[in-house]
Q: 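Below you will find the structure I want to go over with you.
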Number of protein chains: 4
Amino acid sequence: MNIHSGMTELSRATTEEGRSLKRDAILEAALELFSERGFHGTAVPLIAEKAGIGAGTVYRYFESKEAIVNALYQHHKQDLADRMIRGIRAEQSPREQFHHYWAILLAFVRENPKAFEFLELHHHSPYLDDASRALEQRIFEMARSRFEEFRRQRVVKDVQPEILMSIAHGAFVGLVKACGQERLVLSEKAMADAEQCVWEAIRG
Amino acid sequence: MNIHSGMTELSRATTEEGRSLKRDAILEAALELFSERGFHGTAVPLIAEKAGIGAGTVYRYFESKEAIVNALYQHHKQDLADRMIRGIRAEQSPREQFHHYWAILLAFVRENPKAFEFLELHHHSPYLDDASRALEQRIFEMARSRFEEFRRQRVVKDVQPEILMSIAHGAFVGLVKACGQERLVLSEKAMADAEQCVWEAIRG
Amino acid sequence: MNIHSGMTELSRATTEEGRSLKRDAILEAALELFSERGFHGTAVPLIAEKAGIGAGTVYRYFESKEAIVNALYQHHKQDLADRMIRGIRAEQSPREQFHHYWAILLAFVRENPKAFEFLELHHHSPYLDDASRALEQRIFEMARSRFEEFRRQRVVKDVQPEILMSIAHGAFVGLVKACGQERLVLSEKAMADAEQCVWEAIRG
Amino acid sequence: MNIHSGMTELSRATTEEGRSLKRDAILEAALELFSERGFHGTAVPLIAEKAGIGAGTVYRYFESKEAIVNALYQHHKQDLADRMIRGIRAEQSPREQFHHYWAILLAFVRENPKAFEFLELHHHSPYLDDASRALEQRIFEMARSRFEEFRRQRVVKDVQPEILMSIAHGAFVGLVKACGQERLVLSEKAMADAEQCVWEAIRG
DNA sequence: CATGAATGAGTTTTCATTCAT
DNA sequence: AATGAATGAAAACTCATTCAT
């Protein structure tokens, strides 16, 4: 019903690139449903209804249900990557850079919790296409090269960067999930504490 | 990947408790399919085929598809909890206890990677029944009381225990996922490194 | 037998109340099949085929197979009751009123033999819902109060009205069944004879 | 559970003809289930369970589910016919003969209400075989010839005998159904009243 | 003989997709 | 462009019947 409430972000990106409001409404609706009920648990007519359009209209904007999930994955994954890259300052200390990483993730989750949940849930799903997989790989490589640089600089522990990345990202996901299960509130204090903990896990 | 590693455990439970071989074959097949394709993405006839039985036979052992997912959840969740509790020694130092925790999780994942993936994927799914939810809650409370005790003893950091738990568990899950995506091998060295990292995240 | 005789009525209701032609085609087909083969003996795709539509389409008009049987029951039961009530004249003699009753039933059977068979067959079936049962009860009470009045007026025999009602209605049903088995033709003469017989059964 | 309660009648016929106790248990169970839930609404394994035997055992005694329904139909239809014929006395007045007819039907219903319900429900079902239909036809012809004789003797009204038969039998069925719906109790008084009513419907 | 586990064809129902309007 | 009714393939589930024990 309140189609416009969560739409702001997508709508902006949309008009720039000439995408339609309806396409966004579909993505918005699908995001919520996919993150709550999963891909196979979500019927296309339900997406259409939530988007406030006819079921057939969905297929004017997307070739198939899989195309929707891939568009969502790529949109939000890219958005998150862009935010990460945008704020980086070479002059920052490693601890400051880690704080930046943590703060960006947290801001993303707060603005768009469904999108974060969606990205985690659909990681490496069989219905993700090559473009989604390639994007995921590109972003991973970017992050790894940064961690390798940190390792060379003795800023982080001298262990495989994949281990440190998995710990840091996994820990963040763990915190978000705990929040989703209402076992935790992602307050400023809590996230600052958590940030420091995770920093101590990886710092050299 | 390793079908047989995960089979041993179920097979044992079977002969001990008089459960049928066919019931186990169904659980075995369903575990693999559910963890790969999700609940809604797995058709019952597919489970039957993988189990080497007729589609109708599934319903001689389980009331519904939901009953299968709940039987799996409860079986493996309980198994993991039992392993955790069994090996605990009061005389161990906190660091030793953390090592125990880490080692048990690692052993579980190695023996039964599909089961671990399954438990993570189906956490808080809407098709889990009250028994599954109650079991999950009981295990969570047990873990929290231990972390609260550690906090009182100044063994871990003086932050909400839920934060430390989420970090430790989330980090472990992150490592397992990285392994699932073949970005990491859960070698002895890697997991020993990771264990130390995570310990440093939570220690007081 | 006479498919068109029974169709008129539904078709009329349809255009009046804006119901769809397809919905009526489903009801038409279901009526015939249910009255011939029973509820459990009739598969939904068979209804769809007879209605000239796809199997899935049935579920755009009815929630379930049970919803179809209840829609049919309520529609035809109400129709029969309406006809009964409509033609009643207070100034008529009891014998004339009995003739009215008999004539209405006969006209109903002739126009819509399947519907009459259906109503008799599905009387008090476990799949009838509360609305169907309530309607049935209301109509029964109406008829009983009339018989009670007749009894007070010494127009009918001084026996329980339920007995007289059961005899009169049962006799009529018996005649219709004999016709269905082709042992009898419901000719004017035959039904006039029968009417007089039944009147003599109940008259005071 | 109380398999033996209603069995007496069938059991007697059984031992005489070398039929087994198990066969009777199947018929007993099937009678109850068919009359309550209909043919298609009754699962064979349910019959077996109610009969206290294994599902496969049913097929040692009956070729198919249809064979059970036909055995039941023929058994009870023949039983009812036998009772009718047995008690007839040529020296009785027509009114006495009608009383005999009424009393036999009533005794049958009281002893074996399920069987009566079953016979009415399965009248002219598509799954009745030729033997069942032939038996039904034979009994009908017998009854008709008697009514024709009565007509010639001016004992009953000078109308088609099929009409009088339908009225008399239909009225009886109507009374039994009213009893089944708990709208009537088949007390001595009620049935004596009803008998007289129906007699007045047909008497010359 | 008796069984009951096993099954595959059949049931009711859902849904991704199409297409006439 | 937009629709939403229509659909058939496929889903979950049932059951008459068979057959190894």
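Below, chain A is the first sequence line, B the second, and so on; all start at residue 1.
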Q: OP1 or OP2 of F:dA2 versus the side-chain N and O atoms of A:K22: is any pair under 4.0 Å?
A: yes
Q: Relative to the 5' end of DNA chain E, which residue comes earlier, C:H40 or B:A55, by the nucleotide with the nearest heavy atom?
A: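 The residue whose closest nucleotide sits nearer the 5' end is B:A55.
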Q: Separation of C:I26 atom CD1 from E:dT12 atom P, in whole Å?
A: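 The answer, rounded to whole Å, is 14 Å.
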Q: Mind checking what makes salt bridge (Lys or Arg N to Asp or Glu O under 4.0 Å) contact with D:E136, not counting sequence neighbours?
A: C:R183, D:K77
Q: Let me have DNA chain F in dot-bracket notation, would you? Count Watson-Crick plus G-U wobble pairs, both distances under 3.5 Å, and use [ ] for pairs crossing earlier ones and | for inter-strand partners.
A: .||||||||||||||||||||
Q: Please list residues of residues 56-67 of chain B whose heavy atoms come under 4.0 Å from any atom in DNA chain E, ordered by number; otherwise none.
A: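 DNA chain E contact set from residues 56-67 of chain B: B:G56, B:T57, B:R60, B:Y61.
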Q: Exactly one of A:E28, A:E32, A:H76, A:E36 should register a side-chain hydrogen bond (donor to acceptor under 3.5 Å, both in side chains) with A:K114. Which one does?
A: A:E36
Q: Give the minimum heavy-atom separation between C:A71 and C:F62, together with the two atoms involved.
A: CB-CE2, 3.8 Å
Q: Listed by chain and number, what are the salt bridge (Lys or Arg N to Asp or Glu O under 4.0 Å) partners of A:K65, not counting sequence neighbours?
A: none
Q: Does A:R23 offer a backbone N or O that forms a donor-acceptor pair with the side chain of A:S20 under 3.5 Å?
A: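 Flag set: sc A:S20 to bb A:R23 pair under 3.5 Å.
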Q: Quick one: pull up CD1 in C:I68 and CG in C:L31 and give me the separation to the nearest 0.5 Å.
A: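 Taking CD1 in C:I68 and CG in C:L31, the distance rounds to 11.5 Å.
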Q: Just jot down the salt bridge (Lys or Arg N to Asp or Glu O under 4.0 Å) partners of D:E120, sequence neighbours excluded, or say none.
A: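 D:E120: salt bridge (Lys or Arg N to Asp or Glu O under 4.0 Å) contacts with C:K177.
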Q: Using a cut-off of strictly less than 4.0 Å between a heavy atom of the residue and any atom of DNA chain E, enumerate the qualifying residues of residues 42-54 of chain C by number.
A: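 Heavy-atom contacts with DNA chain E come from C:T42, C:A43, C:V44, C:P45.
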